Number of protein chains: 2
Amino acid sequence: MGDTSALFENDDVVYAATQIFDALSDFTRFQILGALSQGEKGVSELQEVTNVSQSAISHQLRLLRDRGLVSARRDGQRVIYSLADEHVTTLLNVGLEHAAEDAHVEIA
Amino acid sequence: MGDTSALFENDDVVYAATQIFDALSDFTRFQILGALSQGEKGVSELQEVTNVSQSAISHQLRLLRDRGLVSARRDGQRVIYSLADEHVTTLLNVGLEHAAEDAHVEIA
DNA sequence: TGAACACATGAACAGTTGCTCATAAGTTGA
DNA sequence: TCAACTTATGAGCAACTGTTCATGTGTTCA
């Protein structure tokens with residue numbers, strides 16, 4: 001890992017970092033991204049995972065699309081979403097691991 | 001890194017992860033944590049770094065204390081804050097690196 | 001073409017967030 | 001003890017967030 005200390009002085013970079021973290025800070029979005037980290041999925045599949053309404057999912061997917069975290073392709077009537085950024089997988093895993101440690105949950 | 005995929009099904013762990021990310025999702029808090037990642041600091045020093053009011057800093061420090069991300073000790077009139085959790089440093093760095101890459105900023 | 005299906009979008013609303021302002025609380029030296 | 005200094009806190013408020021509800025858009029198949 002490079003020396004990141006100088007990056008703290010670059011407001012644009014700091015802001016961009018906060019935006020990434022913000023995307024991961026909501027329960028529904030985290031679940032969506034978690035599901036997508038295990039493979040691309042359609043909206044109805046994501047709905048099963050998250051247990052919120054179709055509309056709510058779509059709104060969150062729009063936010064994630066706008067921030068460049070997921071990308072979409074159409075397959076007939078369905079729209080298939082996938083992670084647009086490998087970075088996200090890393091952050092999800094690091095965040096989960098740390099949360100699990102704090103909560104004393106064993107990692108396989 | 002262990003296999004984290006099972007953790008996505010543990011709502012408590014997922015929620016804990018979102019709370020960590022939430023702490024990192026605000027510009028002021030990110031600056032505070034960034035400054036602290038380079039060593040413990042008093043409130044007035046943090047105020048210089050962040051350029052917001054003393055009250056605003058204190059409110060954010062309270063949130064970070066409540067979430068267990070920073071710890072405080074008194075030194076005379078001053079109160080010295082430091083990171084309570086090594087995890088945070090990792091996340092700050094990973095987030096910054098990724099943000100810098102996205103923004104095509106060179107890392108030393 | 002039209003009905004059925006899958007997803008997206010806009011408005012509206014309650015809940016939350018981060019700030020300011022005023023003030024309180026803790027510490028030191030005179 | 002009191003004034004000066006540093007930090008913390010509560011109330012209040014404008015801005016933002018995540019959801020629901022209603023409806024729109026795009027696609028398939030008969």
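Chain letters run A, B, ... following the sequence lines, proteins first, then strands; residues in each count from 1. What you see is a predicted model, and the numbers here were worked out from it, not measured in a lab.
One interatomic measurement links the two molecules: CZ of R67(B) to C1' of dG18(C), which rounds to 13 Å at whole-angstrom precision. Distance R62(A) CZ to dC7(C) P: 17 Å, rounded to the nearest Å. Atom CD1 in I80(B) sits about 15 Å away from atom C1' in dA8(D), given to the nearest Å. Put simply, CZ on R73(A) is 12 Å from P on dC7(C), counting in whole angstrom units. The nearest whole Å value for the distance from the CD atom in E48(B) to the P atom in dT6(D) is 11 Å. Whole-Å rounding puts the L63(B) CG to dT16(C) C1' distance at 12 Å. Put simply, CG on D66(B) is 12 Å from P on dA8(D), counting in whole angstrom units. Between R65(A) atom CZ and dC7(C) atom P there is a gap of 12 Å when expressed in whole angstrom units.
For dT9(D), the base has a donor-acceptor partner in the side chain of S55(B) [N/O atoms by modelled type, under 3.5 angstrom]. For H59(A) against dT20(D), a side-chain-to-base donor-acceptor contact under 3.5 Å is present.
Residues of residues 9-47 of chain B that place a heavy atom closer than 4.0 Å to DNA chain D, in numerical order, are V43(B), S44(B).
Counting only heavy atoms from C-beta on, Q54(B) has its side chain closest to dT7(D) among dT7(D), dA6(C), dA8(C).
Taking the six-membered ring where the residue is Trp, H87(B) and H98(A) present parallel rings, their angle staying beneath 30° rather than reaching 60°.
For R78(B) and dA8(D), the shortest distance from a side-chain N or O to OP1 or OP2 is not below 4.0 Å. Residue Y81(B) has no polar side-chain atom (N or O) positioned under 4.0 Å from OP1 or OP2 of dT6(D). Side-chain nitrogen and oxygen atoms of Q60(A) include none within less than 4.0 Å of the OP1 or OP2 phosphate oxygen of dT17(D). Put simply, S53(B) has a side-chain N or O that comes within less than 4.0 Å of OP1 or OP2 on dT20(C).
Atom CZ of F8(B) and atom OG of S37(A) lie 4.0 Å apart (nearest 0.5 Å). Here the CG atom belonging to N93(B) is positioned 3.5 Å from the OG1 atom belonging to T4(A), to the nearest 0.5 angstrom.
The nearest pair of heavy atoms linking L91(A) to F21(B) is O-CZ, 3.3 Å. The shortest heavy-atom contact between V79(B) and A72(B) is CG1-CB, 3.8 Å. The two residues A35(B) and K41(B) make their nearest non-hydrogen contact at O-NZ, 3.3 Å.
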| remark: A correct 5'-to-3' footprint of nucleotides 24-30 of chain C, with B, S and - meaning base, sugar-phosphate only and no protein heavy atom under 4.0 Å, is --SBS--
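Using a 4.5 Å cut-off on side-chain heavy atoms (C-beta onward), L36(A) and L46(A) make contact.
Residue-environment remark: CG (D75(A)) exceeds the threshold of 12 foreign heavy atoms within 6.0 Å.
Within the 3.5 Å criterion, the main-chain N or O of G42(A) finds a donor-acceptor partner in the side chain of E45(A).
Under the 3.5 Å distance criterion, with hydrogens and angles disregarded, a donor-acceptor pair is assigned to the side chains of S58(B) and Q54(B).
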